[in-house]
S.K.: 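Have a look at this one before I ask anything.
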Amino acid sequence: MHAQFVARATKSTRPIHPVTQGDLPGRRKSAIGRTQMWLQSVRFSAKPGEVALIPGDDGVAEVWLGMGETFSPDAFGVLPQSLPAGRYVIEGDLDPDQSTLVAVAFGRGAYVFDRYKKSDAPNVELVWPDGCDKVLAGALIEGVTLGRDLINTPAQDMGPEQLSMEVQKVAKATGARCTVIEGAQLLRRNYPAVHAVGRAAAQAPRLVDLRWGKPSDPKLTLVGKGVTFDSGGLDIKPASGMLLMKKDMGGAAIALGLAQAIMQAELPVRLRLLIPAVENAISGNAFHPLDVLSTRKGITVEVGNTDAEGRLILSDALTEACSEKPDLLIDFATLTGAARVALGTEVPVMFASDDSVAEGILASGEAVFEPVWRLPLHTPYRRFLDSKVADISNVSSQSFGGAITAALFLKEFVEPEVPWVHFDVMAYNLDAQPARPQGGEAMALRAVFDYLQSRYNA
């Protein structure tokens, strides 16, 4: 990051004035003459994320920030990329929740992926907003940053081994326990689907298992799809379809970022994180179309397409997750293009077996300005996954409702009594928006965290 938070203002600290479009006429009228003239000359209209730098005798004297029609915390995410070097403070009345949202948005907007190309952006300092929950804001910013970094890292440096090491680093930093089942051990420990999908790659497949928290606390289990690169397997993708497949471990990245935030914020849960980490590669021992795979649950799966591999590795992880009867089970996966067709790339698709949980997450998404959208687990579509030679096929027999049929496939491996939420996410910003730089994105992380905080800290 090229921006940071500081504790207090100094004499040279410049004010930031957030203003809505409705308040702009009155605020502009009450401003000093030079400010009025400048706002008029640049035609400042208070659009969301619009920035006006008001000059003074020694550089920028003050900053006006557009909010749009109503308060928009993500608008503050443009500041790290828009302001010259220096220290700034937000003026105006913000309640504690708004202050925390603003801090998180600023931190998200400050993100730069500079592993391979160093950034020369100026250093922007923001005084912590009054009333902000610094611990919470820091945990969320770091969780989002971790998720983005992992997604943005190309497959050459983020294979199953490196992804596993990232989980172990988080475990070490938070006092969690982490175990890894690797290669042939997956067969001996009965994770056959994970092994089948990842066995053709140079790096062995593995299942990463992190645990944290008090045994007496309610069990929360997170599962993340960790396909570090997806060639499509023998049903190989075209070049255009392969271009962004470094992000196919986005579900694992989001789950790990969320897990880290949960542990840093010390939510009272008994946390478990399961990440099946594989590369869907091509070699002489790659699994084939129409192979019949075994799974941890004992369900046999006919492989209708090797490019529908994410649901295969998740089947074993979800089965294991349910073995401990968690209070809540949530998985994240870059699972289907159909979800993107339905809702575009910016709104995560959510499926849920429990209406009250779904309603809570939807409300949290609205509260933290990270909307998600629920689609139905329409059980009549299960017939499209029927197979003549196995218990189920990994692909639908027709081309419609692909996100739903993929979710129904996963549902086969979730015990009915376990409240379950499935997120089908893009995990990538195709273009830059306020607080959402182009590239990897930890979609739904903040919405889910807010729900978990309200559920377990009530």
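Remember, it's a predicted structure, so these values are computed and weren't measured experimentally. These numbers come from the heavy atoms of this one structure, side chains and all, not from hydrogens, waters or symmetry mates.
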S.K.: Is it the case that more than 12 heavy atoms not belonging to K325 sit under 6.0 Å from its NZ atom?
M.R.: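 Counting other residues, nucleotides and ligands, NZ of K325 exceeds 12 neighbours.
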S.K.: What verdict does the ring-ring contact (aromatic ring centres under 6.0 Å, His included) test give for F106 and F5, after you've listed the backbone C-alpha separation in whole Å, the side-chain angles of each residue and the deciding distance to 0.1 Å?
M.R.: CA-CA 9 Å; F106 180 85; F5 294 97; 5.4 Å; yes
S.K.: Any salt bridge between D230 and K247, counting N to O under 4.0 Å?
M.R.: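 Between K247 and D230 there is no salt bridge, as every charged N stays at least 4.0 Å from the carboxylate O atoms.
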S.K.: Name all residues meeting the side chain to side chain contact (heavy atoms under 4.5 Å, CB included) criterion together with D97; count only those two or more places apart in sequence or in a different chain, and write none if there are none.
M.R.: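 Scan of D97 (side chain to side chain contact (heavy atoms under 4.5 Å, CB included), adjacent residues dropped) gives D95.
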S.K.: Checking E359 against R374 for the salt bridge (Lys or Arg N to Asp or Glu O under 4.0 Å) test, could you report, in this order, the C-alpha distance in whole Å, the side-chain angles of both residues, the deciding distance, and whether it holds?
M.R.: CA-CA 9 Å; E359 291 167 3; R374 187 184 186 187; 5.8 Å; no
S.K.: Could you pull out the closest heavy-atom pair between V372 and A444, with the gap in Å?
M.R.: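 Residues V372 and A444, closest heavy atoms: CG1-CB, 4.2 Å.
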S.K.: Given V357, which partner from the list I330, V421, L362 fulfils the side chain to side chain contact (heavy atoms under 4.5 Å, CB included) test?
M.R.: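 Among I330, V421, L362, the one meeting side chain to side chain contact (heavy atoms under 4.5 Å, CB included) with V357 is V421.
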S.K.: Ignoring hydrogens and angles, write down the donor-acceptor pairs under 3.5 Å from the side chains of residues 184-202, residues two or more places apart or on other chains.
M.R.:
from: Q185; atom 1: OE1; to: E182; atom 2: N; distance (Å): 3.3
from: N190; atom 1: ND2; to: R296; atom 2: O; distance (Å): 3.4
from: R199; atom 1: NE; to: N285; atom 2: O; distance (Å): 2.7

S.K.: Of all heavy-atom pairs between F369 and R436, which one has the smallest distance, and what is that distance?
M.R.: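 F369 and R436 have their closest heavy atoms at O-NH2, 3.6 Å.
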S.K.: Counting only heavy atoms not in E266, do more than 12 sit closer than 6.0 Å to its CD atom?
M.R.: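 No, CD of E266 has 12 or fewer neighbouring heavy atoms, counting only those of other groups under 6.0 Å.
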S.K.: Closest heavy-atom contact between D74 and A105?
M.R.: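 Heavy atoms of D74 and A105 come nearest at CA-CB, 4.0 Å.
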S.K.: More than 12 foreign heavy atoms under 6.0 Å from CE of M242: is that the case here?
M.R.: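 It does: M242 CE has more than 12 such atoms within range.
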S.K.: Closest approach of M426 and T334, non-hydrogen atoms and distance?
M.R.: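 Nearest heavy atoms, M426 then T334: O-CG2, 3.8 Å.
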S.K.: Assess whether atom NZ of K411 is packed by more than 12 heavy atoms of other residues, nucleotides or ligands within 6.0 Å.
M.R.: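 It does not: K411 NZ has 12 such atoms or fewer within range.
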S.K.: Using every non-hydrogen atom in the two residues, find where P419 and E417 come nearest and quote the distance to one decimal.
M.R.: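 Looking at all heavy atoms of both residues, the shortest contact is CD-O, 3.4 Å.
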S.K.: Count the heavy atoms belonging to other residues, nucleotides or ligands that lie under 6.0 Å from CG of D431, then report whether that count exceeds 12.
M.R.: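 Above 12, so yes.
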S.K.: Hey, could you give me the CZ/OG1 distance between F409 and T336, rounded to the nearest 0.5 Å?
M.R.: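 These two atoms lie 14.0 Å from each other.
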S.K.: Determine whether more than 12 heavy atoms belonging to other residues, nucleotides or ligands lie under 6.0 Å from atom CZ of F400.
M.R.: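 Count not over threshold, so no.
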S.K.: Answer with yes or no whether the side chains of T20 and E69 bring together a donor and an acceptor at under 3.5 Å.
M.R.: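 Looking only at side-chain atoms, T20 and E69 do not form any donor-acceptor pair under 3.5 Å.
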S.K.: I'd like to know if E320 pairs up with R272 as an ion pair, taking the criterion as any Lys NZ or Arg NE/NH1/NH2 lying under 4.0 Å from an Asp or Glu carboxylate oxygen.
M.R.: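 Yes, E320 and R272 are salt-bridged.
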S.K.: With heavy-atom distances below 4.5 Å as the criterion, would you say the side chains of L163 and V208 are in contact?
M.R.: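 A side-chain contact under 4.5 Å is absent here.
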